[in-house]
Amino acid sequence: MKKFLIYFFCLYAVGSLAQQPPGADIYLFDVRVKKGVVSMTNPKNISNKPGYDNQPFFHPDKPLLYYASANEEGRTDIVEYDYASGTSRKITETPEREYSPTVTPDKKFLSCIIQRDNGAQDLGKYPVDGGVPTIIIDNLTVGYHAWMDEDRLIAFILSQPFTLQLIELTTGKATVLAEHIGRSLHKIPNQAAMSFVQQMPDKSWTIKRLDTKTLAVTDIVSVSTEKEPIITWTPDGYLLRSDDQSIYYIKPDKKQDWKRAENATLSGNFSRMAMNKTGSKIAIVVSE
């Protein structure tokens, strides 16, 4: 059962059309970091409907949040939420299923996973205002991805063991950088580096740093739990991770332990997280 759930979350197993993704809502919090204390207030349910709403991603310049939202049949489309006006609109409405919307480095497209009824699972990109997608990768099964620059991205590739691969779009070259990784892939603010999570032989997890110039991998901090940490970063370098109904934070460049953030208690477990570029908002996915 555990293996099945992992595959389901990673979009690997293509179920029947009637199969629904697990129900989840996206809450938007105000964030404040003051004197080394991270606090989250004013939670607002921005999806606010039954069913699957997940995988939030903030636009780097505009007050926009993108996420994957399922209809009654379980098919997901990309939704844009404007948190300045409080309005939403669909970017896609297709026969396929779109997951993990991500603003591309040129800010002209939303790259995403496109899952098809025949079992194919491509990485493609839609114009940010909607339109016909362009396929980026169709020879690997990408579960999650994050952009290094306009020509390179890192991807969670669905095969056992799950691997972190560097994809160079100009050449099509794919290089395995790590195995047994988790879902959280991020740029580290103010560094030429990316972060990812990797499970160790003792089943604990380590949050890792990937240098985008040398591709050297180093440890950032360990997490002494068998549960996969879901992480995000504040603009000033605080590392946040979720643990059911709590958020913990640490400043990796300081010698300190994880601290619990001050946040509102919601019914349901926390999972995915995303932080906006200014550090004023965080989106947290909460199970229904």
Side-chain angles (χ1 to χ4, degrees), residues 5 9-10 21-34 37-60 62-70 76 78-84 86 88 99-103 112 144 146 156 182-189 195-197 205 207 223 225 227-251 258-288:
L5 288 174
F9 270 115
C10 296
D25 287 313
I26 299 174
Y27 283 80
L28 195 63
F29 290 75
D30 294 330
V31 180
R32 185 178 70 168
V33 181
K34 186 175 182 180
V37 176
V38 178
S39 59
M40 304 172 189
T41 57
N42 302 322
K44 179 182 180 180
N45 187 339
I46 66 166
S47 53
N48 201 25
K49 69 171 181 59
Y52 179 89
D53 298 287
N54 206 328
Q55 302 170 337
F57 190 95
F58 284 95
H59 192 286
K62 301 176 182 180
L64 303 175
L65 178 72
Y66 302 97
Y67 62 94
S69 180
T76 52
I78 298 171
V79 173
E80 174 192 274
Y81 175 74
D82 185 326
Y83 54 90
S88 299
Y99 294 92
S100 298
T102 303
V103 180
C112 65
Y144 303 93
F156 174 117
R183 294 167 287 169
S184 291
L185 308 175
H186 295 279
K187 273 195 170 184
I188 301 178
S195 66
F196 66 97
V197 299
W205 291 83
I207 300 168
V223 180
T225 173
K227 184 174 181 179
E228 177 190 341
I230 303 299
I231 70 169
T232 192
W233 294 85
T234 69
D236 50 355
Y238 283 88
L239 175 61
L240 278 61
R241 67 175 174 89
S242 68
D243 182 9
D244 292 331
Q245 292 186 332
S246 298
I247 305 295
Y248 294 87
Y249 64 93
I250 195 171
K251 197 74 178 290
W258 290 97
K259 297 179 181 179
R260 187 180 182 275
E262 298 176 359
N263 58 270
T265 300
L266 301 173
S267 60
N269 292 331
F270 295 176
S271 55
R272 296 292 293 270
M273 298 189 295
M275 179 77 69
N276 72 346
K277 191 173 183 178
T278 64
S280 62
K281 301 284 186 181
I282 188 170
I284 300 177
V285 179
V286 182
S287 63
E288 289 183 347

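Among residues at least two apart or in separate chains, salt bridge (charged side-chain N to carboxylate O under 4.0 Å, His left out) pairs with a member in residues 37-58 are K49-D53.
At least one donor-acceptor pair closer than 3.5 Å links the side chain of N45 to the backbone N or O of N48. Between the side chain of Q55 and the backbone N or O of P101, no donor-acceptor pair lies under 3.5 Å. Under a 3.5 Å cut-off, the side chain of S47 and the backbone N or O of I26 do form a donor-acceptor pair. Side-chain N or O atoms of S184 include one that pairs as donor or acceptor with a backbone N or O of I231 at under 3.5 Å. Counting only distance, with no hydrogens or angles, the side chain of S69 and the backbone of Y67 share no donor-acceptor pair below 3.5 Å.
Of all the heavy atoms in F196 and L185, the pair that sits closest is CB-CD2, 3.7 Å. The two residues G182 and W205 make their nearest non-hydrogen contact at N-CZ3, 3.8 Å. Closest approach of M275 and P235 over heavy atoms only: CG-CD, 4.3 Å. Nearest heavy atoms, S100 versus Y144: OG-CD2, 3.6 Å. Across all their heavy atoms, Y52 and P22 have their closest contact at CD1-O, 3.1 Å. Nearest heavy-atom pair across A274 and F58 is O-CE1, 3.2 Å.
Rounding to the nearest 0.5 angstrom, the gap separating the NZ atom in K187 from the NZ atom in K277 is 9.0 Å. Here L239 contributes atom CG and K251 contributes atom NZ; the two are 11.5 Å apart, rounded to the nearest 0.5 Å. Rounding to the nearest 0.5 angstrom, the gap separating the CD1 atom in I78 from the CZ atom in F57 is 11.5 Å. Put simply, CG on D236 and OG1 on T278 are 11.0 Å apart, with the number rounded to the nearest 0.5 Å. Put simply, CD1 on I250 and CH2 on W258 are 5.5 Å apart, with the number rounded to the nearest 0.5 Å. The distance from atom CG of N42 to atom CZ of R32, rounded to the nearest 0.5 Å, is 11.0 Å.
The shortest distance between side-chain heavy atoms of I282 and T232 falls below 4.5 Å. The shortest distance between side-chain heavy atoms of H59 and L65 does not fall below 4.5 Å. Under the 4.5 Å side-chain criterion, counting only non-hydrogen atoms from C-beta, M40 is in contact with I284. You'll find the side chain of S280 stays beyond 4.5 Å of the side chain of V31, heavy atoms only. Residues N269 and Q245 are in side-chain contact: their nearest non-hydrogen atoms beyond the backbone lie under 4.5 Å apart. Annotation: side chain of F270 is not in contact with side chain of Y27 (no heavy-atom distance under 4.5 Å). Counting only heavy atoms from C-beta outward, the side chains of R183 and F156 approach each other to under 4.5 Å. Residues P56 and V285 are in side-chain contact: their nearest non-hydrogen atoms beyond the backbone lie under 4.5 Å apart.
K227 NZ: more than 12 foreign heavy atoms inside a 6.0 Å radius.
Ring pair Y238/Y249 is perpendicular by interplanar angle, where above 60° counts as perpendicular and below 30° as parallel.
Listed by chain and number, the residues in a side chain to side chain donor-acceptor pair (under 3.5 Å) with K62 amount to none (sequence neighbours excluded). With sequence neighbours excluded, the residues forming a side chain to side chain donor-acceptor pair (under 3.5 Å) with Y83 are N276, listed by chain and number.
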